[in-house]
Chemist: 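I have a structure here, written as structure tokens, and I will follow up with some questions on it.
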There are 2 protein chains.
Amino acid sequence: MKDFESKFKGFLAEKKLKLTRSRSLILEAVFAMQGHFDAEMLYDRLKDESVSMATVYRTLPLLMEAGLIRLAIRMEGRDRFERTFGHPQHVHWICENCQAVLESGLGSLKSMLHKEAKALKFGIDQINITVGGLCWKCRINENDSQ
Amino acid sequence: MKDFESKFKGFLAEKKLKLTRSRSLILEAVFAMQGHFDAEMLYDRLKDESVSMATVYRTLPLLMEAGLIRLAIRMEGRDRFERTFGHPQHVHWICENCQAVLESGLGSLKSMLHKEAKALKFGIDQINITVGGLCWKCRINENDSQ
DNA sequence: TCCTTATTGAGAATCATTTGCAACAAGCTT
DNA sequence: AAGCTTGTTGCAAATGATTCTCAATAAGGA
Ligand SMILES: [Mn+2]
Ligand SMILES: [Mn+2]
Ligand SMILES: [Zn+2]
Ligand SMILES: [Zn+2]
């Protein structure tokens with residue numbers, strides 16, 4: 001059993017929740033997914049296995065609580081997630097023109113926030129840094145386009 | 001005429017848009033608002049002046065483009081804004097238990113992001129840093145509550 | 001004042017996410 | 001292995017913030 005599977009199982013057990021067929025399939029789909037994904041993308045890969053959209057939506061929060069995924073960004077009205085396993089927090093750079101999403105490490109931003117957190121006596125759960133703007137490609141075509 | 005009024009007027013003129021009664025009232029309401037606000041809060045203060053919710057929603061993006069307000073945070077499914085005049089960008093600390101929102105300066109986080117932006121050739125438009133977790137009050141009552 | 005074009009209010013439409021509910025399935029307990 | 005208790009599911013309806021349609025109206029330049 002893979003790492004994330006046992007972690008999820010442990011989380012569910014601790015909460016007296018059950019590891020169902022649907023939940024297993026969703027977890028599997030999540031870890032088959034590279035990069036960002038939203039509820040619909042998971043559903044597309046699972047509807048043939050008769051997993052409902054409702055259950056996808058009900059499972060996502062569980063996976064977050066379990067620390068297996070995190071809300072990465074919100075794009076076009078949808079919440080997009082990403083797995084946490086092997087994916088440390090990072091900055092998301094979103095091009096407001098072509099919607100491209102770049103990523104870059106948190107670097108010392110992380111320690112600075114933790115330092116400030118200590119001053120505020122704030123217990124950090126999740127850091128979210130998103131920068132909106134124009135990617136280099138769109139900056140070049142800034143005049144032409146539109 | 002106040003600073004923000006002429007700035008908005010200038011923005012509209014440049015875009016060949018009109019400064020209407022509704023837009024003026026909305027702008028006024030925005031600058032009467034302290035802290036964060038959402039569309040509904042503005043509407044509540046303007047419905048008696050017969051300004052519609054639709055117009056509030058249509059004006060918010062204009063105010064953003066004009067650089068008068070920015071999207072601060074998203075809470076309980078709603079977008080919450082804040083004015084930019086006299087309110088430099090800052091970090092938002094959101095308590096996941098009591099929903100309190102703390103703020104702290106960007107400090108050197110800003111320059112670090114701009115440095116990284118240069119490396120990525122990314123043109124920054126807006127920086128959004130939000131940290132989720134527990135405020136000090138909720139950390140103390142962590143056991144009791146619930 | 002006239003004319004062109006942007007704008008508005010009202011209400012319908014969207015659409016992601018949530019919820020109610022009766023049928024079902026996990027996981028314990030014998 | 002069967003039974004029992006309780007959490008879970010799919011389906012469809014409900015929600016709720018935001019957007020759109022459209023005919024009526026108001027800016028603002030001529
Ligand atoms: Mn990412
Ligand atoms: Mn703020
Ligand atoms: Zn781009
Ligand atoms: Zn709190």
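Computed from a prediction, not measured in an experiment: that's the story for all the values here. Note on naming: letters A, B, ... go to the chains in the order of the sequence lines (proteins, then strands), and numbering restarts at 1 for each one.
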Chemist: Applying side-chain contact (heavy atoms from CB on, under 4.5 Å), name anything that partners A:Glu14, two or more places apart in sequence or on another chain.
Modeler: none
Chemist: Determine whether the side chains of B:Ser52 and B:Thr55 contain a donor N or O and an acceptor N or O closer than 3.5 Å.
Modeler: yes
Chemist: For A:Thr20, check side chain to side chain donor-acceptor pair (under 3.5 Å) against everything at least two apart and list the hits.
Modeler: none
Chemist: Apply side chain to side chain donor-acceptor pair (under 3.5 Å) to A:Arg74 and list each qualifying residue two or more places apart in sequence or on a separate chain.
Modeler: A:Asp79
Chemist: D:dG10, OP1 or OP2 - any side-chain N/O from A:Ser22 closer than 4.0 Å?
Modeler: yes
Chemist: Could you encode protein contacts along nucleotides 18-30 of chain D as a string, one character per nucleotide from 5' to 3', using B for base contact, S for sugar-phosphate-only contact and - for no contact, with a heavy-atom cut-off of under 4.0 Å?
Modeler: BBBB-----BS--
Chemist: What is the 5' to 3' range of DNA chain C, first to last nucleotide, that sits under 4.0 Å from any heavy atom of chain A?
Modeler: C:dA16 to C:dG27
Chemist: Once ring-ring contact (aromatic ring centres under 6.0 Å, His included) is applied, what residue pairs with a partner in residues 34-74 of chain B remain, sequence neighbours excluded?
Modeler: B:His36-B:His92
Chemist: Check ring-ring contact (aromatic ring centres under 6.0 Å, His included) between B:Phe81 and all other residues, then give those that pass, not counting sequence neighbours.
Modeler: none
Chemist: Tell me the bend of the helix from C:dT1-D:dA30 to C:dT30-D:dA1 as the angle between end helix axes, each from five pairs, rounded to the nearest 10 degrees.
Modeler: 30°
Chemist: Is there any salt bridge (Lys or Arg N to Asp or Glu O under 4.0 Å) pair reaching into residues 91-114 of chain B, and which pairs are they, with sequence neighbours excluded?
Modeler: none
Chemist: Hey, which sits more toward the 5' end of DNA chain C by its nearest nucleotide, B:Arg23 or B:Tyr43?
Modeler: B:Arg23
Chemist: By the salt bridge (Lys or Arg N to Asp or Glu O under 4.0 Å) test, which pairs, at least two apart or in different chains, include something from residues 114-132 of chain B?
Modeler: none
Chemist: Salt bridge (Lys or Arg N to Asp or Glu O under 4.0 Å): which pairs involve residues 59-73 of chain B, sequence neighbours left out?
Modeler: B:Lys15-B:Glu65, B:Arg70-B:Glu82
Chemist: If you look only at pairs with a residue in residues 112-136 of chain B, which of them pass as a ring-ring contact (aromatic ring centres under 6.0 Å, His included), with sequence neighbours excluded?
Modeler: A:Trp93-B:Phe122
Chemist: Starting at atom NZ of A:Lys16, determine the distance to atom C1' of D:dT5, rounded to an integer number of angstrom.
Modeler: 14 Å
